[in-house]
Amino acid sequence: MKKVLSRTLLAFLVLALVLLILVSLREPSLSRTWDEDVSVLAGVEVSNDEVVTLTEVRDWSYGISSIVSKQYFDATFDPNDIVAMWMYEQQLDASGLIAHTFLVFEFDERYERGRYLGLSVETRREQGEKYSIIGGALRSFEITHIWATERDLVTRRVQYLDYPLTRYRLEIPAEYRSRIFSKFAKETQGLASVPRWYNTASNNCTSSLIKYVNESKPGAIPFHYSYALTGKVDEYLEQLGFKAADYSLQITRDFLASNKLR
């Protein structure tokens with residue numbers, strides 16, 4: 001019996017090692033047949049004074065379970081004009097441990113269409129692929145930055161896919177808001193030429209956001225289990241004083257039926 005168990009364990013270890021080797025040999029790519037919502041990469045130009053021009057900012061319109069229109073636009077943003085930052089959270093499991101998060105940079109009224117500019121760090125799925133936690137840990141998806149209007153990112157999830165969202169206001173000093181925006185823009189620029197893998201634990205939607213906060217203000221968000229258990233990041237940010245404790249808004253289909261997003 002012991003010999004059988006030993007052989008079974010050895011076979012399992014060999015299989016796991018082979019799988020690890022095969023996964024490690026996979027290379028990320030910019031050339032696959034992508035799902036349409038992640039097929040277009042935003043272009044980024046950063047001037048000497050850190051003003052950012054974004055091309056192909058997504059601004060799709062959605063109805064109940066349908067895509068109404070597919071538009072993109074170009075715009076120029078001065079990071080010093082950011083007046084607020086917001087975080088959205090979409091719970092992905094019943095336990096509340098896993099969530100998708102994305103940011104919205106609020107600019108002043110002069111920016112019109114681009115006033116509420118969203119950034120969502122996502123998996124760049126191929127046609128027919130579905131996101132999975134295991135796949136995200138095994139180099140199944142490249143990582144991508146989706147620059148889009150707040151309206152696009154919110155109504156896609158709420159109206160089109162019927163996923164409720166919670167919106168929080170972030171308490172981040174102006175100088176760090178502008179640095180975070182600039183770092184994300186430059187990372188988007190880099191990903192357009194050098195693709196990288198998404199990783200469920202170490203390079204996901206939330207840990208990527210935290211990375212650039214910490215690069216802007218070293219040690220601002222110390223390592224925490226919410227880097228991987230992303231559904232708990234809102235609680236952690238509140239403990240650190242980065243999330244406004246007096247503001248949260250639940251956004252559902254019913255909410256949007258009778259209220260404007262802003």
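Keep in mind the model is a prediction, meaning the values are calculated, not measured. Residue numbers run from 1 in the order of the sequence given.
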Exercise. In terms of side-chain geometry, is the basic nitrogen of R262 or E150 positioned less than 4.0 Å from the acidic oxygen of its partner?
Worked result: yes

Seminar exercise, completed: For E129 and S140, the nearest pair of non-hydrogen atoms, with its separation, is OE2-O, 3.5 Å

Problem set entry | Derivation of the side chain to side chain contact (heavy atoms under 4.5 Å, CB included) call for E171 and K243 | CA-CA 6 Å; E171 301 284 9; K243 189 189 108 178; over 6 Å; no

Exercise. Can we say K183 and E187 salt-bridge, meaning some charged N sits less than 4.0 Å from an Asp/Glu carboxylate O?
Worked result: no

Exercise. Once you round to the nearest 0.5 Å, how far does CZ of F181 lie from CG of L119?
Worked result: 8.5 Å

Problem set entry | Approximate separation, where rounding is to 0.5 Å, of L153 CG and W60 CH2 | 11.5 Å

Exercise. Is the NZ or CZ atom of R58 positioned over W147's six-membered ring, under 6.0 angstrom from the centre and within 45° of the axis?
Worked result: no

For this session: Tell me yes or no: between the side chains of S120 and H100, is some donor less than 3.5 Å from an acceptor?
Result: yes

Problem set entry | V44 backbone acceptor or donor facing Q189 side chain under 3.5 Å | yes

Exercise. What heavy-atom pair brings L261 and R167 nearest, and what distance separates the two atoms?
Worked result: O-NH1, 3.3 Å

Exercise. Is there a donor-acceptor pair closer than 3.5 Å between any side-chain N or O of S207 and the backbone N or O of N204?
Worked result: yes

For this session: List the steps and the verdict of side chain to side chain contact (heavy atoms under 4.5 Å, CB included) for W34 and E142.
Result: CA-CA 11 Å; W34 308 109; E142 282 82 0; 3.5 Å; yes

Exercise. For the side chain of D59 and the backbone of Y72, is there at least one donor-acceptor N/O pair under 3.5 Å apart?
Worked result: no

Exercise. What about the rings of Y168 and Y247, do their centers lie closer together than 6.0 Å?
Worked result: no

Problem set entry | Residue pair E89 / D234: nearest heavy atoms and the distance that separates them | OE2-OD1, 3.2 Å

For this session: Count the heavy atoms of every other residue, nucleotide or ligand shown that sit under 6.0 Å from CD of E45, and state whether that count exceeds 12.
Result: no

For this session: Report yes or no: do S95 and D93 form a side-chain donor-acceptor pair below 3.5 Å?
Result: yes

Exercise. Does S178 reach the main-chain N or O of P79 with its side chain, forming a donor-acceptor pair under 3.5 Å?
Worked result: no

For this session: Hey, can you tell me if Y88 and F102 have their rings parallel, tilted or perpendicular (30° and 60° cut-offs)?
Result: parallel

Exercise. Under 4.0 Å between a Lys/Arg side-chain N and an Asp/Glu carboxylate O for D37 and K70?
Worked result: no

Problem set entry | Enclosure of E109 CD (heavy-atom neighbours >12, cutoff 6.0 Å) | no

Exercise. Do W86 and E106 meet the criterion of a side-chain donor-acceptor pair at a distance under 3.5 Å?
Worked result: yes

For this session: Determine the minimum heavy-atom distance between T53 and T76, stating which atoms define it.
Result: OG1-OG1, 3.0 Å

Exercise. Regarding T166 and S248, is there a side-chain donor-to-acceptor distance under 3.5 Å anywhere?
Worked result: no

Exercise. Do the side chains of F107 and L117 get nearer than 4.5 Å, heavy atoms only?
Worked result: yes

For this session: Determine whether more than 12 heavy atoms belonging to other residues, nucleotides or ligands lie under 6.0 Å from atom CD1 of I134.
Result: no

Exercise. In Å, rounded to the nearest 0.5 Å, how long is the span from OG of S182 to CD of E50?
Worked result: 4.5 Å

Exercise. CD1 of I67 to OH of Y160: how many Å apart, nearest 0.5 Å?
Worked result: 4.0 Å

Exercise. Do other residues, nucleotides or ligands put more than 12 heavy atoms under 6.0 Å from the OH atom of Y163?
Worked result: no

For this session: Kindly give the heavy-atom pair with the smallest separation between R253 and Q159, and that separation in Å.
Result: NH2-O, 2.7 Å

Problem set entry | Sidechain N-carboxylate O distance under 4.0 Å for R110, D81 | yes

